[in-house]
There are 2 protein chains.
Amino acid sequence: MVVYNELDDAAVDRIFRALADATRRDIVRRTLTEEASVSELARDYEMSFAAVQKHVAVLEAADLVAKIPRGRERIVRGNPETIRRAQELLGRFEQLWRGRIDRLDALLAEEPETN
Amino acid sequence: MVVYNELDDAAVDRIFRALADATRRDIVRRTLTEEASVSELARDYEMSFAAVQKHVAVLEAADLVAKIPRGRERIVRGNPETIRRAQELLGRFEQLWRGRIDRLDALLAEEPETN
DNA sequence: GTAATTTGCAACCAAATGGTTGTATATAAT
DNA sequence: ATTATATACAACCATTTGGTTGCAAATTAC
């Protein structure tokens with residue numbers, strides 16, 4: 001099973017950019033736990049419907065949510081897979097750091113006299 | 001031991017915003033594996049020194065790197081702790097989703113006849 | 001059929017972002 | 001002491017962002 005996780009720079013940009021806003025993070029949280037239409041979401045924020053609609057669009061472009069048509073509504077559903085990928089990316093950063101520490105440790109173990 | 005991980009919305013905004021740029025992500029990667037001065041970093045990107053300096057400032061404001069004075073240089077060092085916190089945040093999102101699935105499963109197990 | 005709800009989208013605006021160049025200051029090298 | 005290097009920072013500019021209002025279209029309710 002090939003789980004291809006190739007996210008190009010632009011896609012990663014969109015994901016982190018989308019997460020860099022408290023309203024959008026809240027929408028992701030909400031729609032991960034329960035689906036909601038755009039207007040249901042909009043009711044809970046102190047901004048216009050159109051503003052919330054734009055936030056949802058930003059999240060959708062980043063594939064952090066999907067919008068599913070149901071009658072005249074669009075049901076917004078959080079996408080855990082993209083969250084997982086973002087987490088994975090950060091995990092690789094941490095791995096890099098761990099690699100450096102391991103190399104430093106190895107160096108100290110090999111050549112203690114050079115200290 | 002209290003490991004306080006209280007990041008307010010603005011701090012989280014800064015972290016994800018800072019990560020939403022390929023050059024900045026590259027700087028974080030590099031400085032997690034090996035320290036580098038601002039000018040050493042600047043040499044490797046196709047933009048002015050001042051532009052790279054600004055990117056480093058954005059990362060510093062998000063606490064993704066620290067700048068340590070050494071002579072006339074400023075050594076940039078990636079901060080794995082902030083990366084870990086961001087990862088943790090995303091982990092909580094995933095946890096929310098998992099919680100929903102668990103609840104749905106429980107519901108199905110409890111009342112199979114309502115299906 | 002008419003009215004109400006939900007969404008999409010365009011036009012507009014202020015503020016933030018990501019780049020530039022130029023100048024000043026501190027440190028290091030000669 | 002002078003020169004070169006590294007950084008900081010201001011001013012400027014174009015583009016993007018995050019909000020607004022207004023209008024059109026699709027669906028649902030009466």
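Treat the numbers as computed from the prediction; the structure is a model and nothing was measured. By convention in this document, chain letters (A, B, ...) are assigned in the order of the sequence lines, proteins followed by strands, and residues within each chain are numbered from 1.
B:A57 comes within contact range of no nucleotide atom at all, as no heavy-atom separation falls under 4.0 Å.
The NZ atom of B:K54 sits 12 Å away from the P atom of C:dT21 (whole-angstrom rounding). What separates OH of B:Y45 from P of C:dT20 is a distance of 14 Å, to the nearest Å. If you measure from atom NE2 of B:H55 to atom P of D:dC9, you get 17 Å, rounded to the nearest angstrom. Atom pair B:M47:CE and D:dA14:C1' shows a separation of 16 Å (rounding to whole Å applied). Residue B:F16 contributes atom CZ, which lies 18 Å from atom P of D:dT17 at whole-angstrom precision. The CD-C1' distance, from B:E40 to D:dT7, rounds to 14 Å in whole Å. As a whole-Å value, the separation of A:R70 CZ from C:dT7 C1' is 15 Å. Separating the CZ atom of B:R14 from the C1' atom of C:dA16 is a distance of 15 Å, rounded to the nearest angstrom.
Note on A:Q53: a side-chain N or O is less than 4.0 Å away from OP1 or OP2 of C:dG8. Distances shorter than 4.0 Å separate none of the side-chain N or O atoms of B:K67 from OP1 or OP2 on D:dT7. For A:S39 and C:dT7, the shortest distance from a side-chain N or O to OP1 or OP2 is below 4.0 Å. Contact annotation: A:S48 does not reach the phosphate of D:dG19 (side-chain N/O to OP1 or OP2, under 4.0 Å). The side chain of A:R24 places an N or O atom within less than 4.0 Å of a non-bridging phosphate oxygen (OP1 or OP2) of D:dG18.
Atom CZ of A:R25 sits about 5.0 Å away from atom CG of B:D9, to the nearest 0.5 Å. Distance check: A:R74 CZ to A:E35 CD gives 14.5 Å after rounding to the nearest 0.5 Å. Note that OH of B:Y45 and NE2 of B:H55 are 9.5 Å apart. Values are rounded to the nearest 0.5 Å.
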Trace of the side-chain hydrogen bond (donor to acceptor under 3.5 Å, both in side chains) decision for A:T82 with A:N79: CA-CA 6 Å; A:T82 301; A:N79 182 2; 3.2 Å; yes
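Nearer to the 5' terminus of DNA chain D, by closest-nucleotide assignment, is the contact made by B:R43 (compared with the other of B:R43 and A:A20). For the pair A:A50 and B:D21, nearest-nucleotide mapping onto DNA chain C gives the more 5' position to A:A50.
Proximity note for B:R72 (side chain, C-beta onward) versus D:dG18, C:dT6, D:dT5: the nearest is D:dT5. Ranking C:dG19, D:dT17, C:dT17 by closeness to the A:R17 side chain, first place goes to D:dT17. Out of D:dT7, C:dG19, C:dT7, the shortest distance to the side chain of A:F49 is found at C:dT7.
For D:dA6, the base has no donor-acceptor partner in the side chain of B:E73 [N/O atoms by modelled type, under 3.5 angstrom]. Judged by atom type and distance alone, B:R74 does not reach the base of D:dT7 through any side-chain donor-acceptor pair under 3.5 Å.
Among A:L89, A:L96, A:L90, the single residue meeting the side-chain contact (heavy atoms from CB on, under 4.5 Å) criterion with A:R92 is A:L89. Each of A:R24, A:R30, A:R29 was evaluated against A:D26; a single residue qualifies, A:R29, per the salt bridge (charged side-chain N to carboxylate O under 4.0 Å, His left out) test.
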